[in-house]
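A single structure is presented below for examination.
Note that ligands are numbered from 1 as they come in the structure, with each ligand's atoms numbered from 1 the same way.
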Amino acid sequence: MAKPNRCESCNDITTSSTRDLLNQDLAKQVRTAYDRIEDRGMSACLFGSGGTCCRNCNMGPCQIIDGVESMVGICGATADTVAARNFARTVAGGTSAHTDHAREMVRGFIATAKGETPHEIKDVAKLHDMAQLFEVETEGRDKNEIALELGERALAEFGKQDSSPLTMLKRAPLKQQKIWKEQGVEPRGIDREVVEMMHRTHMGVDQEYHNITKQASRCALADGWGASMLSTELTDIMFGTPVPKRAIIDLGVLREDMVNVTVHGHEPLLAESLCLAAEDEEILALAKKVGAKGINLAGVCCTGNEILMRRGIPVAGSFIQQEMVLATGAVEAMVVDVQCVMQSLAQVVKGKHTDIITTNYRAKMPDGVHIQFDEHDAYNSAKEILTRAVGNFKKRGACYIPKDEKFDVVVGFSHESINYMLGGRFRQSYRPLNDNIINGRIRGVGALVGCEHYKHSDDVHFEIAKELIKNNVLVLATGCAAQALGRRGLMRPEAATEYAGDGLREVCETVGMPPVLHVGSCVDNSRLLIALTAMVKEGGLGDDIADLPAVGSAPLWMSEKAVAIGHYFVASGAHVIFQDLPINGAKKFSEYLLKDIKEEFGACWGVQSTPQDIAKAMIAAIDEKREALGINKKKERVLMDMAMRRDLEAGKGVTGAGCGG
Ligand code: NFS
Ligand code: SF4
């Protein structure tokens, strides 16, 4: 298919490695999402984008126009009801994805505790913390015994039927817990909140937008403080809590001389097994036999983030690069599990030697090869996949790897390592962070999270982050947003000198950290909840998440998961700004999400259309909190005195003090 001007037309929206690749003859044969957007030639439906298209029953679909009497649904549903139901179902969809992922991780954790997987309980300190939270006896018990009971209690959180709140809500600031109780949104069982949300948005059930959104808040909280947090914590206990380490990302991490196996999806159980099997003597011997130097494992999307954070395994691409990774012609197998895997992948590899290997019974693909991953036989499942990939190496045809497109990053900033870096080995705490916020060196914290998509420029995250750090806002990033920022060089310590304002630069230089910290995958947004809570508990910045000068954005959200995440932050007291949200077809409901919800939870949603406006709104939200805390006084820049420097230097962490991986 001829594609004149393709590169000219996508020049301004792609990342530079993509541009380089798409300019090669071999990639010109491939149809990508950029082409499909052009080929479809349709603009989005206004009812869909405004949130007022309902197809919840077969009397419809009904397109509703707010305020026009003749344009309510056949059942009489108004724009506010329909938009709230659609929003709530999006939250439920996102929560269900995190929930099913989390459940698999908990099951894997239990299997590990029983000695049925190749993994082991690695982070015993975190195991004990979680055991205490879940009231599991630790005295005189072996780590696997503790883990088994913890795993079983964690699993019970999903199907809990009584109406007591989820165990992990206890970790939140007390004031926050009180708000949830008063508002009647404390989540009970994790699955229950999703089911109740789906029920209440069924035709003819909940018809009051405010009441519907209340359940959406409860459902989202079950994600953030339930499913996602369980997944992050138990995964850390099993595979190790991330510590700062150096790594590389972007298409250039693929290797011409090795068998390239990319792991794409979300649940790190399989990826971790592949990491182990990639070093297996038998597999390495097979690779040598076909003329390869070894196995080059590389991540894509959030599985990529998981093994990048814990093992420093390179990331080949984020969501918008998944097709490009394959278009290189250099990949022997792309192994996928669940979520964010585009159906086009099998078409991209048509005629190539690459296998798309699906591994989860929940997620099969036409033209994919299915090898069911069995966590009880994880090592052999992984070896089977790698053997197949090695077999493809000799069949590799023309390939092009954009070799210059490979960026250094420092990653691994879990809540614990932020604590350690800033507070030092002997005095791990958020005190220095809080103090630097209070004295104004750091203006506040901005989280850039979530997806990317093809409708807006790949520059969006970069533009926002640049503006934030220039204004001394420390950026914490997760998901594909984090990868986009890494590709633009913001995850090197030197980026502080190049881009940050004076105060933030001074802190970063002293500690040796980048101004943008990679906190992990999308489920790891729960780390941000814990970090915010730790800041509250440290003192001096109010007594609630809603008091902190902290704000989040998922500017290029694509997946329902991002809306669930956004909403659990709002319901936890943190402002969230998106580039768009399908709610503007419903006036009262929009007003509620964009303003009135603040009276209940201390935070609301915001929508800003350009990266510059998003950055501005984030900074304004931070300043508003600083003002309320009485710390926004303009003052002469105070250079750090020796004592302050010593405090920070004690935690110097990226490569020193035994903190590096
Ligand atoms: Ni998050 Fe991950 Fe990426 Fe978005 Fe998809 S990979 S879980 S949903 S696109 S950040
Ligand atoms: Fe139309 Fe009401 Fe059915 Fe929705 S639930 S499709 S608004 S009749």
Requested in this report: Check R85 against ligand 2 and report side chain, backbone, both or neither, counting heavy atoms closer than 4.0 Å.
Outcome: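 For R85, only side-chain atoms sit under 4.0 Å from ligand 2.
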Report task. Under 4.0 Å, heavy atoms only, figure out whether ligand 1 is touched by the backbone of E452, its side chain, both or neither. Result ->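 Near ligand 1, E452 shows nothing, with every heavy atom at 4.0 Å or more.
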Report task. Sum up the protein N, O or S atoms located under 2.8 Å from atom 2 (Fe) of ligand 1. Result ->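 For atom 2 (Fe) of ligand 1, the figure is 2.
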Query - Enumerated ligand 2 atoms positioned under 4.0 Å from heavy atoms of M59 - result: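 Going through ligand 2 atom by atom, the ones under 4.0 Å from M59 are 8 (S).
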Report task. Pull out every atom of ligand 1 sitting under 4.0 Å from any heavy atom of M558, numbered as shown with elements. Result ->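 In order of numbering, the contacting atoms are 9 (S).
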Query raised in the report: Hey, would you say the F87 and H567 ring centroids sit under 6.0 Å apart?
Result: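 That pair passes the under 6.0 Å test.
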Query raised in the report: Hey, is atom 4 (Fe) of ligand 2 within less than 2.8 Å of some N/O/S atom on C54?
Result: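 Here the distance criterion (N, O or S atom, under 2.8 Å) is met by C54, so yes.
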Query raised in the report: Any Lys/Arg nitrogen of D459 or R488 sitting under 4.0 Å from an Asp/Glu carboxylate oxygen of the other?
Result: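 Looking at R488 together with D459, the answer is yes, because their closest N to O distance falls below 4.0 Å.
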Query - Heavy-atom proximity to atom 7 (S) of ligand 2, best of G60, G73, C53 - result: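 Of the listed residues, G73 has the closest heavy atom.
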Requested in this report: Compute the minimum heavy-atom distance from A562 to ligand 1 and say whether it is under 4.0 Å.
Outcome: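 Heavy atoms of A562 never come under 4.0 Å of ligand 1.
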**Report entry** salt_bridge(E267, R362) N-O dist < 4.0 Å
**Finding:**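 No, no charged N to carboxylate O under 4.0 Å.
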Report task. Could you list the atoms of ligand 2 found under 4.0 angstrom from a heavy atom of M203? Result ->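 Near M203, the atoms of ligand 2 are 5 (S).
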